[in-house]
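Written out below as structure tokens is the structure these notes cover.
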Amino acid sequence: MPHLSRAALTALVLATGFLALFPLWGDTFYIRFVTKIMVYALFAMSLDLLVGYAGLVSLGHAAFFGIAVYAVAGLVNKAGVTSAFVLLPAALGASAMAAAAIGWLSIRTSGVYFIMITLALAQMLFYFFNDQKYWGGTDGMNIDQRPTLALGDLTLLNFGSRLQLYYLALACLAGAFVLLAVLLRSPFGHALVGIRANEGRMRALGYDVQRVKLIAFVIAGTLAGLAGFLEAARSTFATPALLGWHESGHVLVLVILGGMGTLYGPVLGAFVVLLLEDYFATLTDRWLLIMGVFVIAVVMFLPDGLAGLFRRVASLARGRGRSAGDG
Amino acid sequence: MADAMLETRGLSRRFGGLAAVQDVSLAVARGKVHAIVGPNGAGKTTLINLLSGDLRPSDGKVSYQGSDITGWPAHRVAQAGIGRSYQKTNVFREFTALENCALAAEARLPRLHLFRAAATFRETAARAERALALCSLETRRETRAASLSYGEQRQLELAMMLATEPQLLLLDEPLAGMGPEESARVVDLLKRLAADHTMVMIEHDMDAVFAIADTITVMVNGSVLASGAPQAIRANREVQRAYLGEDAA
Amino acid sequence: MSLSYFLIQTLNGVQYGFLLFLVASGLTLVFGIMGVINLAHGAFYMVGAYLAWWFARATGSFVLAVLLALPITVLLGLLIERFGIRHLYARDHLHQVLFTYGLILILNEVQRVVFGNDVHGVAIPPLLAGSLPLTEAQSYPIYRLFISVACVAVAGALYLVIQRTRLGMVIRAGSTHREMVAALGFDIGRLFMVVFGLGVALAAFAGMIAAPVNTVYPGMGDQILIISFVVVVIGGIGSIKGAFVGAMLVGIADTYGRVLLPTGAGVVVYAVMALVLLWRPQGLFGRMA
């Protein structure tokens with residue numbers, strides 16, 4: 001079961017401090033860009049709860065991200081609601097409900113079946129938004145206004161300020177990190193890790209495996225919804241591609257490259273992959289080609305991700321040749 | 001039987017056309033050790049799987065403490081107080097011995113806690129420790145299960161079951177593959193457990209069976225050949241011919 | 001809805017079903033035998049279609065184009081198996097998913113670089129270009145019937161291979177047990193290569209013969225991949241029979257969905273899948289894990 005070493009804790013504190021202070025010298029472009037990265041880091045972290053801890057490889061996770069964006073878009077554009085007091089619960093609720101429905105159908109299966117079913121059900125939501133003119137069809141739609149957060153005349157948070165949005169994203173990311181860390185230390189977290197290791201044994205011990213998995217699925221979907229809410233506030237644009245399976249594949253790449261089964265891995269993965277993508281895009285219009293090669297290289301040469309690489313380096317440094325295993 | 005803790009009636013399980021267990025009716029008396037013996041392929045493990053909820057019966061009924069548990073999923077059966085151990089060691093290899101038992105003990109928390117750290121449940125931790133101590137593994141508590149010896153892994157298998165504090169134990173060959181010394185230790189443990197548990201035990205080691213069991217059921221080809229007290233079974237001609245005789249030869 | 005209109009839609013649905021069967025059977029075969037989940041399966045459909053379009057334009061003959069494009073696509077598939085996927089057999093499905101996802105990114109981009117972003121039509125071979133009159137006002141294109149006939153022929157051949165050959169015995173057993181494969185005289189590496197090649201051939205052939213009806217366009221592989229997943233999930237993973245039933249169900253449901261529910265057409269097949277899953281989580285002909 002996972003424990004945080006002192007070195008990892010130090011690195012974590014340093015990284016958080018760096019992110020908190022970054023706007024002091026970062027220019028506008030990078031403040032915006034790092035905000036986006038943090039949104040995707042949160043999204044990836046939510047998927048890691050499923051892939052890295054519960055052993056549930058979902059290829060439809062973008063559905064919960066995208067549906068939150070559409071929940072915001074719908075309320076703002078169609079109902080004129082802009083208060084975050086309404087938008088945030090609505091976005092999280094939409095994601096949680098979608099996750100409960102899709103999870104309920106898919107967790108009864110496992111392995112490749114689970115992969116295919118999550119993909120197909122997420123794609124159903126994709127087509128729902130893609131086919132309907134009401135939701136803007138394939139082109140998507142602009143969200144007319146950013147969310148507002150005010151008590152009477154007092155503005156608590158200005159979503160139009162890129163600095164405030166930056167810190168909101170950072171706070172959400174840190175909050176999600178703490179929440180997941182708490183969950184993973186609880187009996188629920190232990191049950192998840194046990195289920196990944198040996199589902200049948202967990203049943204024999206008396207664990208309601210399906211229920212534990214469904215709870216994990218809904219939590220992960222809801223956190224993806226939080227990322228989706230931030231994405232809506234950040235980009236003010238809803239497009240079906242956000243729910244599409246390329247997006248689901250993309251976020252899976254973030255998790256794997258960073259290192260699944262660790263909370264910092266997906267964050268690391270988001271930073272590395274999004275920065276690389278940005279760099280590749282300056283080289284050529286065909287940057288997806290390079291990404292494809294990159295993804296394949298990661299699978300072939302870095303299957304445990306950057307976190308695995310760090311662990312190997314660390315254990316070599318400590319003079320122990322043997323790896324710590326994957327449990 | 002009036003004081004049967006576990007009872008099956010006409011229990012059957014078919015795989016395709018093959019009947020692995022056929023029309024088995026058993027009554028396991030409260031507080032007693034009920035051994036199930038028989039040649040390989042007699043359907044003993046399938047029977048255990050039917051009792052534990054790992055398999056659903058094709059036919060027949062299972063009742064436990066008076067309530068019908070036929071077709072209950074495995075986790076519900078376990079929650080009802082029926083623990084099982086496996087013939088093939090089935091522990092969490094990457095976890096330490098203590099973590100294995102803690103995971104088992106946490107299964108009995110009245111509800112699934114999401115936000116409270118597992119380590120703060122004192123009673124659960126104590127239960128895990130007790131189970132380890134009962135199986136003489138307290139000195140190995142911080143050792144990864146994969147690094148334990150084979151015999152120790154078998155003991156851990158039992159400790160995990162005990163950490164869930166079951167009333168009825170389903171033991172699938174607890175002595176399988178053990179050396180004489182380890183075997184004696186586990187037989188001793190089983191004797192102690194017999195004082196306050198009801199047990200259903202599959203075992204090939206006939207010396208151990210005769211030493212522990214109150215009742216013996218002999219299975220052949222999925223059906224019950226004979227059932228009764230050890231002396232009666234030992235004396236049973238049919239059993240000698242079909243099973244004991246072969247084994248002794 | 002007139003009867004002949006109904007008939008035409010049914011024919012369209014069945015024809016689409018046959019096509020889906022070719023693609024989905026390849027997918028389910030590769031998974032059933034090799035235990036590999038191949039997201040790039042749709043990409044081979046696309047590669048086959050684009051090569052057929054290109055060769056048809058260069059040579060002027062669609063038949064010749066198919067004869068040239070099929071072996072090239074299979075060769076590409078075999079190279080990918082040899083240098084990539086072969087190293088992932090023992091790995092987690094997760095790595096297979098990512099690897100083949102990477103392949104999709106590459107193949108999609110290569111397609112755009114080489115063939116551009118345009119949609120291209122493929123001329124129907126003159127011999128099959130006509131239509132059969134159904135009523136005075138309506139007729140049915142011969143080429144669509146030809147697609148069904150071609151698919152039936154391939155399905156029949158597949159059936160014979162599975163029922164009558166030693167390769168088929170292995171496939172029927174759905175087994176990758178080394179002892180059994182060895183006992184039947186197969187080298188497991190060779191077997192996997194053959195099965196993977198067969199899967200690629202089925203996908204590519206489907207892409208080729210569909211091209212005159214569906215045109216060739218960027219992203220066509222993604223669309224067919226996901227719909228094939230739906231087929232396989234409905235039918236049960238690893239089951240050829242399931243792939244057939246699932247394909248027909250999806251083909252017909254999709255076709256009628258487009259006619260009856262134009263704005264919700266995309267969702268219909270997924271709703272069918274969800275219903276099947278509620279009833280049988282392992283698919284219609286799937287074995288419970």
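Basis for what follows: all heavy atoms, side chains included, without hydrogens, waters or symmetry-related copies. Chain letters run A, B, ... following the sequence lines, proteins first and then strands; every chain starts at 1.
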- request: Evaluate side chain to side chain contact (heavy atoms under 4.5 Å, CB included) for C/L284 paired with C/W279, printing each intermediate quantity in order.
  value: CA-CA 9 Å; C/L284 294 176; C/W279 174 44; 3.4 Å; yes
Heavy-atom pair count under 4.5 Å with chain A, highest-scoring of C/R91, C/M273, C/R112, C/H93: C/R91
statement: One option among A/L105, A/L59, A/T109 has the most heavy-atom pairs under 4.5 Å with chain C, and it is A/L105
statement: Whatever's closer than 4.5 Å to a heavy atom in chain C on A/L119 counts as side chain
statement: Counting heavy-atom pairs under 4.5 angstrom with chain C, the leader among A/A120, A/A297, A/G111 is A/A120
message: Using only atom types and a distance under 3.5 Å, with no angle test, would you say the side chain of C/Y45 pairs donor to acceptor with the backbone of C/A204?
response: no
statement: Residues A/A63 and A/A122: closest non-hydrogen pair is CB-CB, 3.7 Å
Proximity breakdown for A/I290 and chain C, heavy-atom pairs closer than 4.5 Å: neither
Heavy-atom proximity to chain A below 4.5 Å, by part of C/L103: both
- line: Taken to the nearest 0.5 Å, the spacing of A/L243 CG from A/F64 CZ works out to 10.0 Å
field: A/V299, part contacting chain C, at a heavy-atom distance under 4.5 Å
entry: both
message: Please report the interatomic distance CG(C/L249) to CD1(C/I234), rounded to the nearest 0.5 Å.
response: 5.5 Å
field: Under 4.5 Å from a heavy atom of chain A, the part of C/L88 involved
entry: side chain
- prompt: Roughly how far, to the nearest 0.5 Å, is CE of C/M193 from CD of C/E81?
  reply: 6.5 Å
- prompt: Does any heavy atom of chain A fall under 4.5 Å from the side chain of C/I37, the backbone, both, or neither of them?
  reply: side chain
Under 4.5 Å from a heavy atom of chain C, the part of A/W104 involved: side chain
Polar side-chain atom of A/Y113 near backbone of C/G283 as donor-acceptor pair, under 3.5 Å: yes
- request: Test side chain to side chain contact (heavy atoms under 4.5 Å, CB included) on C/N38 and C/F196 and set out the steps.
  value: CA-CA 10 Å; C/N38 179 16; C/F196 194 80; 3.8 Å; yes
- request: Go through the atoms of A/V298 and report whether side chain, backbone, both or neither lie under 4.5 Å from a heavy atom of chain C.
  value: neither
query: So what's closer than 4.5 Å to chain A heavy atoms on C/H87: side chain, backbone, both or neither?
result: side chain
message: A side-chain contact here means heavy atoms from C-beta on lying under 4.5 Å apart; do A/K213 and A/V209 qualify?
response: yes
task: Verify, without hydrogens or angle tests, whether C/T28 (side chain) and C/I240 (backbone) share a donor-acceptor contact under 3.5 angstrom.
output: no
- prompt: Given that the side chain runs from C-beta out, which part of A/I102 has a heavy atom under 4.5 Å from chain C: side chain, backbone, both or neither?
  reply: neither
message: Is A/V57 in contact with chain C via its backbone, its side chain, both, or neither, using a 4.5 Å heavy-atom distance?
response: side chain
task: Side chain from CB out, backbone as N, CA, C, O: work out which of these in C/V232 comes under 4.5 Å of a heavy atom of chain A, or both, or neither.
output: both
- line: Of C/L105, C/L277, C/I237, the largest count of non-hydrogen pairs under 4.5 angstrom with chain A goes to C/I237
message: At a 4.5 Å cut-off on heavy atoms, which part of C/Y101 comes close to chain A: side chain, backbone, both, or neither?
response: side chain
task: Look only at the side chain of C/H41 and the backbone of C/V23, and say whether a donor-acceptor pair between them is shorter than 3.5 Å.
output: yes
field: Point-to-point distance, once rounded to the nearest 0.5 Å, from CG of C/L51 to CD of C/Q111
entry: 10.5 Å
Leading residue by heavy atom contact count with chain C [cutoff under 4.5 Å; candidates A/L125, A/I115, A/N130, A/D285]: A/I115
- line: Most contact-rich option vs chain A, by heavy-atom pairs under 4.5 angstrom, among C/I227, C/V230, C/D222, is C/D222
